[in-house]
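Everything below concerns the one structure shown next.
Just so we're on the same page: letters track the sequence lines, and every chain starts at 1. All values derive from a computational prediction rather than experimental measurement.
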Amino acid sequence: MATQPSSDLTRRTAAQLSEALRAGEVTSVEVTQAHLDRIAAVDGAVHAFLHVSAEEALATAREVDARRAAGEELHPLAGVPIAVKDVVVTKGLPTTAGSKILEGWVPPYDATLVERLRAAGLPILGKTNMDEFAMGSSTEHSAYGTTHNPWDLDRIPGGSGGGSAAALAAYEAPLAIGTDTGGSIRQPGAVTGTVGVKPTYGGVSRYGLIALASSLDQAGPVTRTVLDSALLHEVIGGHDPRDATSLPEDLPGLVAAARAGQGGDLTGVRVGVVDELNGEGYQPGVRARFEESLELLRRAGAEVVHVSCPHFGHALAAYYLILPSEASSNLAKFDGMRFGLRVEPTEGTVTAERVMAATRGQGFGDEVKRRIILGTYALSAGYYDAYYGSAQKVRTLIQQDFAAAFEQADVLVSPTAPTTAFRLGEKLDDPLAMYLNDVATIPANLAGVPGMSVPNGLSEDGLPVGFQILAPARADDRLYRVGAALETLLEREWGGPLLNRAPELATEGTTR
Amino acid sequence: MSTISREEVARLAGLARIDLTESELTRLAGELDVIVDSVAKVSEIATEDVAATSHPLPLTNVFRADVPEEPLPVADALAGAPSAEGGRFAVPQILEED
């Protein structure tokens, strides 16, 4: 839809800002300052950011403006500011992963994806809030206070990347980085009415991500439009020799796929509905919006078929064995010796071993302790075969389900999350109920396939729901084609982006 | 079905090097019981004929170009350490004396 770019710079998409910057209509300093002002005005209520790097962002913006003025050829996104999830290390900017054990830590190096953002000239606005070490689905497990959903400040913004998604929904940033181990990009996208993409495993370097579960983690774009995700994905993606799991192939054309999809034509595309990811446990409004979108895809020429993935019912169980097992090993490095917190026991001999235990006892939050103990149990002698070994077999069966389904369909689809955003505190005392939020997103991580969540309208409670698209490994371009088509078709019906219907946030200095 | 006792949680916490308070031990024993009961269903379909997958997209023989790179400067590596001395990490005594 050819809408006029808003006069308010924070309401524009990254693609629109890129055009305005290249046309010399605005400067990066103006764009960056507008977002810093917005953060100052609304982040007291939203709490999407753990750290705002105003000076550094403005310095980058000034540099980009000077280079552009000098006629240098710059990256199309040069000068468009971005927020980065706090699990990604940033040289010179505090990085905590939402944990007290890393409070005040300033990394001495950049993650590869951050190097790429800097090389492309994107000013970094700051670091976004998250569940501690990305363990959670609500951002309530952050050691620094929860983030609030801009649609309703009493509700969760999803998690673990609730800060990045909320920053987009509250117009505090035009782009953000998230990480997705079991749904931490897609589920926050669904509940905040934003777009989130988990690339194919290995499609974006993991070097410099504070690892949660190394065989599942993947960083990706958090944006308000599908095209913006494609633009960002092309900046951060591609082979990295510093990550041994990084795919050697070039990325498929993602921006081109998104632009093709914006035409709204899906003639000949086979869309597979995963029957196991719909139905019981899914809120009526979530299901209704999903069915309506399937009808839109049909009308756009897609052939909608139903596929069965019989082992997906065991995905959640496998995930909650594999993830804690890998996490218990990855988090062993937080030992109070080389970085972060060190706590010395108050009595007895101060040995390294006792310092480790005291440091971890004080520095880790409840959910982190829960998962490390669970992982230690699953990996311990006598239980390994029954738990971790079995979970790895389930992983094989889930991969086989995907392989069979992708013989019948080019993409698979489902609701992104079973419900809309729940109230803060509602599931905090029930770990299993919290884990169920990721039931539809987890299979993709277990198999390494890419996934996207696109805003799919409002449920009966007036809160946003998401439409999930999954594609075969290395075929991320299909997500962008189908996602952009659906976005175009839905926005034609709505008369504009879904986020236009979010309530205006009170700004600092005014009353709600 | 009770599978994880309070004592078992204490043993696991020792292995994981995490000091837990008495109330944490009690709470975790209850919670882990529920979680383990739920995730144990993986064994229903994990039959002997199914191979295990450890990595979603396995790659083999991954090497980077054999070109020397600048290492992290020692001062940078030590900058975030709780304690450092003489260009090294300073840590508490490793062995307990008597």
Side-chain angles (χ1 to χ4, degrees), chain A residues 105-109 200-202 215 241-242 244-245 247-248 311 314 317-318 320-321 328 335-342 344 349-353 355-358 360-362 364 369-370 372-374 376-377 380 386-387 389-397 399 431-432 446-448 473, chain B residues 3-4 8-9 11-21 24 27-28 31-32 34-36 38-48 50-59 62-65 69 72-73 75-83 89-98:
Chain A
W105 182 59
V106 180
Y109 70 108
T200 297
Y201 182 84
S215 76
R242 288 185 296 193
T245 60
L247 295 175
H311 301 103
H314 287 76
Y320 277 102
L321 286 164
S328 68
D335 57 7
M337 300 298 145
R338 292 152 298 162
F339 36 71
L341 183 71
R342 176 182 290 181
E344 298 193 353
T349 320
V350 179
T351 63
E353 195 173 311
V355 167
M356 282 180 206
R360 291 157 66 81
Q362 190 173 313
F364 287 146
K369 289 175 182 170
R370 193 150 49 222
I372 290 177
I373 302 285
L374 178 60
T376 306
Y377 177 74
S380 60
Y387 293 125
S390 296
Q392 287 192 313
K393 290 182 172 188
V394 172
R395 201 167 180 171
T396 305
L397 295 170
Q399 288 195 337
L432 268 186
L446 290 172
Chain B
T3 47
I4 304 188
E8 176 72 349
V9 175
R11 190 183 73 88
L12 294 166
L15 289 173
R17 305 279 186 276
I18 302 178
D19 280 349
L20 294 178
T21 63
E24 282 180 317
R27 203 189 62 236
L28 274 170
E31 288 171 351
L32 291 175
V34 175
I35 296 170
V36 168
S38 163
V39 297
K41 71 188 271 194
V42 290
S43 57
E44 293 168 5
I45 57 170
T47 48
E48 270 185 28
V50 181
T53 294
S54 61
H55 197 276
L57 301 169
L59 301 172
V62 178
F63 299 107
R64 68 168 173 84
E69 287 182 12
L72 199 61
D76 288 7
L78 295 175
S83 175
F89 294 105
V91 302
Q93 68 180 69
I94 306 292
L95 300 173
E96 193 132 17
E97 293 168 89
D98 301 315

Practice task
Determine the option with the most heavy-atom pairs under 4.5 angstrom with chain A, choosing from B:Gly80, B:Ala51, B:Ala52, B:Ala81.
Solution key: B:Ala52
Problem - Option in B:Leu78, B:Val9, B:Ile35, B:Ile94 with maximal non-hydrogen atom pairs under 4.5 Å from chain A - result: B:Ile35
Fill in the blank from the handout: Smallest heavy-atom separation, A:Phe339 atom then B:Pro82 atom, equals N-CD, 3.9 Å
Atom group of [X] that falls short of 4.5 Å from chain B, counting heavy atoms:
| X | value |
| --- | --- |
| A:Ile373 | both |
| A:Ala473 | side chain |
| A:Pro107 | neither |
| A:Thr376 | both |
| A:Val106 | neither |
| A:Ala358 | both |

Any [X] side-chain heavy atom under 4.5 Å of [Y] side chain:
| X | Y | result |
| --- | --- | --- |
| B:Arg64 | A:Arg242 | no |
| A:Glu353 | B:Pro92 | no |
| B:Pro56 | A:Arg395 | yes |
| A:Arg338 | B:Phe89 | yes |
| B:Val91 | A:Arg342 | yes |
| B:Leu32 | A:Tyr377 | no |
| A:Tyr109 | B:Asp76 | no |
| A:Arg370 | B:Leu28 | yes |

Exercise for the section: Sort B:Ala13 into side chain, backbone, both or neither according to what part of it lies under 4.5 angstrom from a heavy atom of chain A. Expected result: both
Problem - Spacing of NE2 belonging to A:His314 relative to CD1 belonging to B:Ile45, to within rounding of 0.5 Å - result: 4.5 Å
Handout entry: Interatomic spacing from CG in B:Leu12 to CG in A:Leu374 - rounded to 0.5 Å
Key = 9.5 Å
Fill in the blank from the handout: Scored by heavy-atom pairs under 4.5 Å with chain B, the best of A:Asp335, A:Thr245, A:Thr200, A:Leu446 is A:Thr245
Exercise for the section: Return the option, out of A:Ala357, A:Gly361, A:Pro431, with the maximum number of heavy-atom pairs under 4.5 Å with chain B. Expected result: A:Ala357
